[in-house]
Amino acid sequence: MLKRNNSPEALDRLGGEHTETEQVILKRRSVRLYRPQQVPEFMVRRILEAGRFAPSAGNGQPWKFVVLRDPRIIDGITATVAGLCRLFCRFIDYTVPGKAWRLPLAKLFIRLKPGDLHPVPFGALPMIADGRLGLYHGAPTVILIFKNVRGISNVDLDCGIAGQNMVLAAHSMGLGTCWVSFTKMAFTYSGKWKKALGIAHPYKFVSSLAIGWPQGAPDGMIPRPTHAVDWYEDGTKRQVY
Amino acid sequence: MFEKIPRYDDPTATQWGVVAVDQGKCSGCALCVKICPADALKLDGKRSQMINPVHSGCIACGDCLAICSKQAITMVRGSRFSGLFAGTGEGELALPRLFG
């Protein structure tokens with residue numbers, strides 16, 4: 001809990017085990033295989049509350065959440081994104097045998113949008129195009145996160161923080177989630193879904209969350225790379241990992 | 001700085017993650033195959049294994065390790081990119097640590 005307890009006993013216990021919150025954070029895995037059962041409404045409302053109580057610059061709360069539990073809309077957005085992936089792959093997937101001619105155009109687009117065409121999302125494009133990688137992985141609930149561009153300071157950051165609050169709340173309840181940013185294609189390269197969902201200025205799409213009951217037991221601790229952290233203390237600097 | 005765009009299909013420039021599946025422990029449930037975001041695993045002879053350890057698309061997310069009920073999967077290495085996508089300051093793999 002949040003009560004300060006830095007007694008030797010408390011610190012000793014803390015040193016020996018992770019808190020419940022830490023366990024949720026550390027065991028969280030992105031879930032891409034869901035049971036068909038819908039998530040009870042009250043649980044989604046609770047997840048939204050976790051988003052509502054996220055910190056934000058100047059407490060601006062510059063987010064708009066849209067909940068999708070209608071398969072026609074979820075599948076429809078999926079189809080739009082898959083179609084756009086198919087279109088883009090025709091011009092840039094140079095790794096397909098016989099299509100090396102696509103390399104110069106691929107390099108041009110990679111220069112223009114390096115993050116979007118990093119090797120990882122680049123590899124995901126043909127997979128989404130041909131259905132090997134689902135967009136929402138069969139999740140029965142999707143939350144779209146939009147930012148209010150009129151908000152305070154860095155509204156994208158605040159939406160990310162709110163989203164992760166929702167993710168952790170969901171996992172603490174035994175649900176699975178997955179951040180899905182490929183949805184952005186459906187709102188950037190097409191006007192169809194902005195119109196269908198009534199999304200207009202000042203709202204712009206940021207990201208989305210797939211949420212559902214996981215198949216199997218996907219959460220658990222795994223190894224992950226450490227990273228150099230510069231540590232300044234007592235007039236010295238050291239590096240820890 | 002104008003950094004080079006690496007070839008995505010050149011294993012020296014674009015190195016993907018590698019996991020190892022203990023064929024003795026694997027029960028063939030294929031949950032790891034189904035959940036892998038990179039489609040990097042397959043069921044072969046009723047046991048799971050990497051389709052192509054050299055060009056796997058594996059991002060070392062660890063989802064396969066976590067979902068395996070037999071603890072049959074270990075992470076061998078993470079992905080590493082070069083040129084325009086080079087990372088820096090990466091250390092060894094580690095499970096969550098307590099430091100207590």
Side-chain angles (χ1 to χ4, degrees), chain A residues 11-18 22-23 25-34 93-97 100 103 106-108 110-111 114-115 117-120 122-124 126-127 132-134 137-138 176 178 214-230 239-241, chain B residues 2-10 13-17 19 29-40 55-69 71 73-85 87-100:
Chain A
L11 293 180
D12 208 41
R13 203 172 76 237
L14 185 60
E17 63 185 17
H18 290 110
E22 282 178 300
Q23 291 202 41
I25 292 167
L26 296 169
K27 289 179 181 173
R28 178 216 61 82
R29 305 268 65 81
S30 292
V31 175
R32 298 181 182 85
L33 190 65
Y34 293 96
D93 191 357
Y94 64 87
T95 61
V96 174
L103 180 59
K107 285 192 162 180
L108 172 65
I110 291 167
R111 236 4 120 183
L117 293 173
H118 177 287
V120 175
F122 188 98
M127 291 177 62
R132 272 178 298 140
L133 181 63
H137 317 293
C178 191
Q215 281 189 40
D219 279 359
M221 291 195 183
I222 51 120
R224 180 167 276 201
T226 53
H227 296 272
V229 172
D230 297 343
Q239 230 173 35
V240 300
Y241 282 84
Chain B
F2 201 75
E3 286 160 320
K4 193 171 143 83
I5 297 174
R7 280 287 304 220
Y8 291 1
D9 48 8
D10 174 2
T14 302
Q15 191 185 91
W16 298 99
V19 298
C29 75
L31 278 173
C32 59
V33 175
K34 290 178 197 166
I35 58 102
C36 175
D39 206 21
H55 186 74
S56 61
C58 170
I59 55 171
C61 67
D63 289 0
C64 53
L65 270 83
I67 205 168
C68 179
S69 59
Q71 285 90 53
I73 306 182
T74 46
M75 194 179 290
V76 175
R77 68 146 201 249
S79 51
R80 198 144 286 185
F81 307 105
S82 62
L84 188 63
F85 302 112
T88 53
E90 214 171 76
E92 301 296 310
L93 291 172
L95 281 163
R97 301 161 294 178
L98 280 162
F99 298 109

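What you are looking at is a predicted structure, and each value in this text was computed from that prediction instead of being measured. Here is how names work: the chains are called A, B, and so on, in the same order as the sequence lines, proteins then strands, and each is numbered from 1.
Of the residues considered (A:Glu22, A:His18, A:Arg29, A:His118), A:His118 shows the highest number of contacts with chain B, using heavy-atom pairs under 4.5 Å. Heavy-atom pairs under 4.5 Å with chain A peak, among B:Pro37, B:Gly62, B:Cys64, at B:Pro37. Ranked by heavy-atom pairs under 4.5 Å with chain B, the first of A:Pro119, A:Ala106, A:Pro114 is A:Pro119. For chain B, the option among A:Cys178, A:Ser30, A:Pro223, A:Gly15 with the highest count of heavy-atom pairs below 4.5 Å is A:Pro223. Ranking B:Ser79, B:Gly57, B:Cys61 against chain A, the residue ahead of the rest is B:Cys61, based on heavy-atom pairs under 4.5 Å.
Applying the side-chain contact (heavy atoms from CB on, under 4.5 Å) rule to A:Asp230 yields the partners A:Tyr232, A:Lys237, A:Gln239; only residues at least two apart in sequence or on another chain are considered. Take A:Arg13 and apply the side-chain contact (heavy atoms from CB on, under 4.5 Å) test, not counting sequence neighbours, and it matches A:Glu17.
Of the inter-residue distances, the one linking B:Ile73 atom CD1 with B:Asp63 atom CG reads 10.5 Å to the nearest 0.5 angstrom. How far CE of A:Met221 is from CG of A:Leu26: 5.0 Å, rounded to the nearest 0.5 Å. For the atom pair A:Ile222 CD1 and A:Lys27 NZ, the distance stands at 13.5 Å (nearest 0.5 Å).
Contact annotation: the side chain of B:Arg7 approaches that of A:Tyr94 to within less than 4.5 Å [non-hydrogen atoms, C-beta and beyond]. Within the 4.5 Å cutoff, side-chain heavy atoms of B:Leu84 are placed close to those of A:Ile110.
Contact of B:Ile59 with chain A is made through the side chain alone, with heavy-atom distances under 4.5 Å. Neither the backbone nor the side chain of A:Leu11 comes within less than 4.5 Å of any heavy atom of chain B. At a 4.5 Å heavy-atom cutoff, B:Arg77 makes no contact with chain A through either its backbone or its side chain. Looking at B:Phe81, the atoms closer than 4.5 Å to chain A (heavy atoms on both sides) all sit in the side chain, from C-beta outward. A:Arg132 touches chain B through its side chain: at least one heavy atom from C-beta onward sits under 4.5 Å away, while N, CA, C and O do not. Neither the backbone nor the side chain of A:Ala124 comes within less than 4.5 Å of any heavy atom of chain B. Interface remark: A:Met127 contributes side-chain atoms only to the contact with chain B (heavy atom separation under 4.5 Å).
Centroid-to-centroid, the aromatic rings of B:Phe85 and A:Phe122 stay 6.0 Å apart or farther.
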